[in-house]
Structures are given as structure tokens and as C-alpha cells.
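Right, one structure below, let's go through it.
Just so you know, these numbers use all the heavy atoms, side chains as well, and skip hydrogens, waters and symmetry mates.
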Amino acid sequence: MHALHPRVNARAFGARRQRPGPASALLVIALLAAAGLAPSPRTAAQRRRAPSTSPAAAAAGEYDLILRGGRVVDGTGRRSFAADVAVRGDRIARVGRLPASARARREIDARGLVVAPGFIDMLGQSEQNVLIDPRAMSKVMQGVTTEVTGEGGSIAPLNERLIKEDEAYYRRYNLDVDWRTLHEYFRRLALQGSGVNLATFVGATQVRAYVVGFDNRAPTPEELERMKALVAEAMEDGALGLSTSLQYVPARFAKTDEIVELAKVARRYGGIYATHQRSEGNALDSSLAEVFEIARRARIPVEIWHLKAAYRKNWGRMPSVLSKIRAARARGLDVTADVYPYAAASTGLAACLPPWAIEGGVQKMLGRLRDPATRQRIRADILRETNEWENIYLGSGGAQGVLVSSVVKRELEGLQGKRISEIAREQGKDELDALFDLVLADNGQTGAIYFMMDEGDLRAALREPFVSICTDSGARATDGPLSGSKSHPRGWGSYPRVLSRYVREERLLTLEEAVHKMTGRPAARVGLRDRGVLREGAFADITVFDAGRVRDRATFEEPNQYPEGIEYVVVNGQLEVDGGRRTTANAGRPLRGPGYSRR
């Protein structure tokens with residue numbers, strides 16, 4: 001889910017995505033010598049499937065890294081095969097059987113392990129986090145090498161009004177916001193380094209807040225032209241396309257016509273449209289109709305982020321949702337989706353409030369909560385069933401279904417991991433009063449987890465061929481500046497969870513299908529060339545894991561735990577995880593979209 005605030009994907013003025021700090025990354029590979037090890041035996045079928053490499057070609061030059069004898073799952077969806085993988089510089093030099101005489105500065109025995117492309121997070125939230133802590137630990141340690149981000153709100157464009165809106169947040173992290181455009185942000189990221197490659201959309205919410213502000217009104221014709229110009233500039237700076245987060249304020253104030261006009265700009269540059277659609281619950285049918293209308297009128301490919309049938313009354317509807325998407329595809333609309341593998345969502349705690357209570361920005365929202373009469377009106381709206389806005393409090397079953405995942409103020413950290421019902425009991429308060437008071441105390445920054453989805457619906461979506469995988473979460477760590485705050489376990493274990501629960505245990509997916517959903521499919525969807533596949537000439541983003549041991553360890557109550565079974569992670573040819581341990585390398589790069597114009 002996404003932020004109510006345009007840029008800070010912190011959702012409903014909640015769990016905000018972190019921002020820049022003066023950190024700078026070390027780009028170091030451990031250069032250790034190891035003896036060459038014979039590859040494991042293969043079946044005749046595997047030998048037929050494995051690409052061949054001539055001894056003469058292999059001997060033509062030394063390699064920087066050789067992974068010997070692993071089970072290669074190449075990201076295309078085809079069957080796995082036994083092969084060696086050799087890396088030279090930041091590219092894959094060979095996939096196939098290498099002679100024993102082939103040498104590299106580092107050789108790794110991958111026998112008994114799966115060698116796959118680095119996992120691609122189809123929706124992360126780390127564009128600010130990597131500037132505070134470049135390691136991107138919770139992503140890298142689960143095998144993620146590339147993250148796509150920018151959900152409605154994006155890292156740029158920025159103006160002074162938007163910076164002032166987040167002033168308190170920046171003070172906590174001593175953040176110097178020294179960029180205004182996407183080009184300037186990418187330049188800073190490239191100089192600093194990052195544990196993951198990062199690509200981003202430009203948010204329609206972002207340009208709306210930049211030009212119009214947070215009010216519930218349509219842009220004037222002149223304002224709409226300014227918004228379109230900002231989208232064009234971001235596309236030339238390297239955005240992947242246009243994104244929306246239409247469930248939240250101020251994004252939900254945008255009408256379909258406005259979004260279509262902005263999407264047409266992105267399409268001119270070869271971009272796609274990605275959306276957190278207007279409703280994932282009671283108004284899901286009309287919301288899907290809007291998605292299809294935008295795709296048709298703007299003639300643009302569409303990605304539906306974190307697809308779900310939310311709220312208990314809608315459980316069991318996912319097969320119908322998937323059927324509607326298949327029908328749209330059959331009509332010629334290019335619509336795909338992604339999911340995270342958990343039956344609970346996450347957004348800001350303030351997302352429980354009705355849209356009118358959030359309109360105008362954080363300070364106006366807090367003022368309304370301080371006024372007794374207005375607070376009573378907010379309470380009445382929350383307790384009323386409606387299709388007019390996304391009432392995630394009722395949709396999650398009330399206070400028992402809402403868990404505090406993260407806070408910004410340190411003195412509130414003891415509330416993390418507790419449900420609103422538990423907090424209300426401890427404080428001797430009415431449940432909604434406890435919720436309102438926490439929103440006030442944390443200046444609207446609190447993040448929350450909402451238990452509002454059905455496992456059967458999730459399984460149905462996971463099986464669908466056009467669905468890929470995301471975390472919808474920013475990178476964190478068990479140490480360092482981001483360690484005090486917790487989050488949804490999806491940010492720590494999504495990819496190991498798919499591999500353990502839905503591949504190894506339930507056999508819902510084959511290993512090849514799952515890896516394709518994590519690698520080749522998302523890379524192709526957003527146009528990341530030479531990523532997401534293991535083939536000669538592609539970038540050397542590689543994840544090596546133990547298919548029999550890999551598993552997630554993060555829980556909703558204690559999310560800050562790294563997974564098991566991710567043995568090696570290579571980003572642009574550099575080892576970032578070596579034998580299950582994080583190295584000092586931060587080899588990630590900004591990845592720019594199809595409209596990028598070099599400066």
C-alpha cells in the first residue's frame with residue numbers, strides 16, 4: 001500500500017520511507033583464492049539443456065568469479081540445468097560447463113545450491129532508506145538485487161512546500177534534502193552507492209501535490225499542463241513510467257481524466273502505468289473498471305500493485321478479480337499484477353481516518369483530531385460501513401485487526417508489535433481514542449499492519465502466470481539508524497517465504513515458475529534490459545540459495561529477522577552476501593527507464 005502523503009511512501013502519514021544521510025558506501029569484494037572443484041554429475045537431459053562453452057573461449061581470459069556446479073534456474077521459466085556461471089566485471093561471461101583449468105579471482109562451490117538471477121522487488125519503498133543506510137540489509141539478505149519503487153508519491157520532483165511538510169521527519173534523521181529532480185537524486189545515489197539497484201516511477205500524487213497541494217479540487221488547465229511537464233521531465237530523467245496510489249489522500253482527489261492525461265505523457269516516452277488502485281475492497285469492481293479505462297484511453301501497459309481482495313466481506317473474490325483481468329487482456333489491454341506473500345497489508349495508522357479528515361496535510365489532520373466535536377464526527381464515519389472510501393479499520397475487524405508496526409518517535413517504540421485493542425486495554429481507553437491519540441503523539445507517522453486478506457485469495461493470485469512478486473516495503477536492518485523501528489515481515493522475508501512455503505512445502509509453484517515471477521517477469525515488465533536473467537552478456541545480479549533450507553524467519557510481532565538459506569548474493573558482479581554474511585560492498589546503481597535522456 002502507499003502513502004497518503006505524495007512523496008513519502010509512508011502511507012497515510014504513517015511509516016515513512018527514509019531519506020538521505022551523509023553515509024557513503026564502500027565498494028569492496030573479498031578477493032579470496034579457492035581451489036577449483038569438479039561440478040556435480042548431471043543427467044543426460046540436463047546435459048542437453050545446459051548451454052555449452054568451448055574450452056578455448058573459457059581460457060581466453062580470467063574471470064572475477066566462478067560459481068561451479070550449481071543448479072541454474074535462469075529466470076526465463078524454462079527447466080533448470082546444471083552449469084557453471086562465470087562473471088567478468090559487472091557482466092555474466094559464461095553459463096555452461098567450464099573446464100577445470102578455468103580460473104577466477106574467486107571460485108565458489110555451488111553444488112547442491114540453486115543459482116538464480118538476483119530477485120527483483122516489483123514494488124519496494126527504499127528510495128529514502130538507502131540514503132540513510134545504504135546497505136539495504138533486509139532486501140539484500142533475502143536475495144533482492146533490484147528494487148522498483150515510487151508508488152504514487154515518488155522521490156522527486158520536490159519543492160519547498162513538500163519539503164516543509166516532512167520537516168520534523170528530516171530533523172530526526174538529520175537529513176539534508178539536496179535534490180529537487182529525479183536526475184539530481186539519481187546522481188546522489190550513484191555517488192553514494194547502495195546495496196540494491198534502484199529504479200522508480202514518477203508519482204501522479206507527487207506532481208499533484210507539487211502543483212495543486214493537498215486540497216480536494218481539480219487542477220486548472222494551466223496546473224494540469226504544469227503537472228504533465230513535470231512527468232515529462234521525470235521520464236527524461238529516467239522514470240519507468242507513471243504511478244498512482246488512488247486509495248489515499250491527496251491521490252484519491254484525482255479524477256480518471258487527470259490520470260489519463262498524465263499517463264499519455266509517460267506512454268510517449270515508452271513508460272508504463274503502475275497503480276495502487278482506488279479500491280482493493282468494497283468498490284473493487286468499479287476500481288478495476290477504472291484501471292482498464294486508463295489502460296484503454298492512454299493506450300499504456302498497466303501493472304496493478306499488490307493485488308488483493310481486501311476486507312473480510314470480500315474474501316473469496318480473487319478468482320473473480322483474476323477472471324476480469326484475464327478478460328481485459330483478451331480484449332487487448334496489457335494488464336498485469338503483483339502480490340506479496342502475506343495475508344495482511346500495511347500502511348499508515350492514519351489511513352483509518354476518512355479522507356475529509358486527512359485533506360490539507362498533516363497539521364490540518366492533527367488539528368481535527370484535537371477538536372472534540374470533529375473527533376466525534378471522525379469516529380462516527382469510521383464506525384459506518386461504506387463504499388465511498390476505504391475503511392480499513394472496519395475491513396480489518398476493528399482494533400483487534402490493527403497492529404502497530406512502526407513509530408517515528410523513540411519514546412513510542414514500546415508500542416510496536418502491539419494491536420490497538422491491546423494498547424487501549426493497557427491505557428484504559430476506548431479503542432478509537434487510543435488510535436487517535438497515537439496518531440497525534442507520533443505526528444501522523446505511525447505505521448500499522450492490517451489483517452484483512454484471505455490466504456485462499458493469495459494462493460489464487462500467486463498461481464496466475466501474469467502475477468509477479470513484491471515486498472511493498474522499505475529496506476531496514478537489525479542494526480544502524482533504521483533498527484529502532486519495526487515493519488511488516490514482508491520486507492524481511494517475502495522471497496524466502498515464496499520459496500519455502502509455496503514451492504517446497506505446498507508445491508503451489510514449481511521452482512522455475514517462482515523464480516521467473518521474482519526475476520525475468522518483473523524485469524521485462526518495467527523494461528530493465530539485461531536484468532532478471534542468467535545469460536551471457538547480462539548484468540551479474542545473482543542470488544544463490546539452498547532450496548531445501550531457505551525460509552523466512554520474520555513474524556508480525558518480531559519482523560526484524562533475516563531469513564535462512566540465502567548463501568550468496570552478487571550485485572553488478574560484486575559479492576554482497578558471502579556464505580550467508582553481508583560484505584561491505586554496496587554495488588547497486590540507479591536504473592533508468594526508457595525515456596532517459598543523457599545530460
Side-chain angles (χ1 to χ4, degrees), residues 29-120 143 145-146 197 511-512 515-516 518-520 523-524 528-545 547 567-579 585 587 589:
I29 293 180
L31 304 177
L32 304 174
L37 295 169
S40 58
R42 295 176 295 167
T43 66
Q46 286 173 321
R47 284 193 294 272
R48 286 194 298 271
R49 289 194 300 271
S52 61
T53 302
S54 71
E62 280 201 341
Y63 302 112
D64 294 303
L65 174 67
I66 294 176
L67 300 164
R68 288 217 184 247
R71 176 187 177 189
V72 171
V73 181
D74 68 5
T76 65
R78 68 169 173 162
R79 292 180 65 185
S80 62
F81 53 88
D84 307 318
V85 176
V87 173
R88 184 182 294 119
D90 63 357
R91 300 272 183 162
I92 296 171
R94 295 288 183 267
V95 179
R97 284 299 191 185
L98 293 172
S101 59
R103 287 289 179 268
R105 293 194 291 172
R106 174 71 188 274
E107 294 193 14
I108 292 172
D109 179 7
R111 289 177 297 180
L113 301 175
V114 174
V115 181
F119 304 147
I120 296 174
T145 59
T146 295
N197 302 308
L511 180 61
E512 291 85 353
V515 169
H516 179 54
M518 299 173 177
T519 58
L528 298 179
R529 297 181 60 185
D530 296 331
R531 308 271 177 185
V533 292
L534 288 184
R535 61 168 170 75
E536 295 172 12
F539 285 100
D541 293 343
I542 305 169
T543 293
V544 181
F545 60 91
E567 300 297 332
Y568 301 93
V569 178
V570 180
V571 179
N572 294 313
Q574 298 196 44
L575 273 168
E576 294 203 358
V577 175
D578 188 348
R589 301 169 179 170

Quiz item: Mind checking what makes salt bridge (Lys or Arg N to Asp or Glu O under 4.0 Å) contact with Arg535, not counting sequence neighbours?
Solution: Asp530
Quiz prompt | Closest non-hydrogen atom pair between Leu575 and Ala585, with its separation | solution = O-CB, 3.6 Å
Exercise. Hey, could you give me the CZ/CZ distance between Phe539 and Arg529, rounded to the nearest 0.5 Å?
Key: 9.5 Å
Quiz item: For the residue pair Val577 and Glu567, what are the closest heavy atoms and their distance?
Solution: CG1-O, 3.6 Å
Quiz prompt | Minimum-distance pair of heavy atoms, taken over all atoms of Gly532 and Ala523 | solution = CA-CB, 4.0 Å
Exercise. With rounding to the nearest 0.5 Å, note down the distance linking CG in Asp74 to CD1 in Ile92.
Key: 9.5 Å
Practice problem: Grab the two heavy atoms, one from Ala587 and one from Val571, that are nearest each other, plus how far apart they are. | Solution: CB-O, 3.3 Å
Quiz item: Under 3.5 Å, side chain of Arg103 to main-chain N/O of Ala100, donor-acceptor pair present?
Solution: yes
Quiz prompt | Geometric cation-pi criterion Arg105 and Tyr63, 6.0 Å radius, 45° cone | solution = no
Exercise. Kindly indicate, with the supporting measurements, whether the criterion side chain to side chain contact (heavy atoms under 4.5 Å, CB included) is fulfilled by Arg97 and Asp84.
Key: CA-CA 5 Å; Arg97 284 299 191 185; Asp84 307 318; 4.2 Å; yes
Quiz item: Is any side-chain heavy atom of Asn197 closer than 4.5 Å to a side-chain heavy atom of Asn572?
Solution: yes
Quiz prompt | Where Val533 and Ala538 come nearest, the two heavy atoms and their spacing | solution = O-CB, 3.8 Å
Quiz item: Which heavy atom in Ala83 sits nearest to a heavy atom in Val95, and how many Å separate them?
Solution: CB-CG1, 4.4 Å
Practice problem: Not counting sequence neighbours, which residues clear ring-ring contact (aromatic ring centres under 6.0 Å, His included) with Phe545? List them please. | Solution: none
Practice problem: Give, for atom CG of Leu98 and atom CD of Glu107, the distance between the pair rounded to the nearest 0.5 Å. | Solution: 8.5 Å
Exercise. Measure the spacing between CG of Asp109 and CZ of Arg68 and express it to the nearest 0.5 Å.
Key: 10.0 Å
Exercise. Please say which of Ile108, Leu65, Thr543, Ile542 ends up in a side chain to side chain contact (heavy atoms under 4.5 Å, CB included) with Tyr568.
Key: Ile108
Practice problem: Report the distance from atom CG of Leu67 to atom CZ of Arg106, rounding to the nearest 0.5 Å. | Solution: 9.5 Å
Practice problem: State plainly whether the residues Glu512 and Arg71 are in salt-bridge range, i.e. N to O under 4.0 Å. | Solution: yes
Exercise. Give the intermediate values and the outcome of side chain to side chain contact (heavy atoms under 4.5 Å, CB included) for residues Val544 and Val569.
Key: CA-CA 6 Å; Val544 181; Val569 178; over 6 Å; no
Quiz item: Going from CD on Glu536 to CZ on Arg91, what distance comes out if it is rounded to the nearest 0.5 angstrom?
Solution: 13.0 Å
Quiz prompt | Among Asp541, Thr519, Thr145, side chain to side chain donor-acceptor pair (under 3.5 Å) partner for Arg531 | solution = Asp541
Practice problem: With sequence neighbours excluded, tell me which residues meet salt bridge (Lys or Arg N to Asp or Glu O under 4.0 Å) with Asp90. | Solution: Arg589
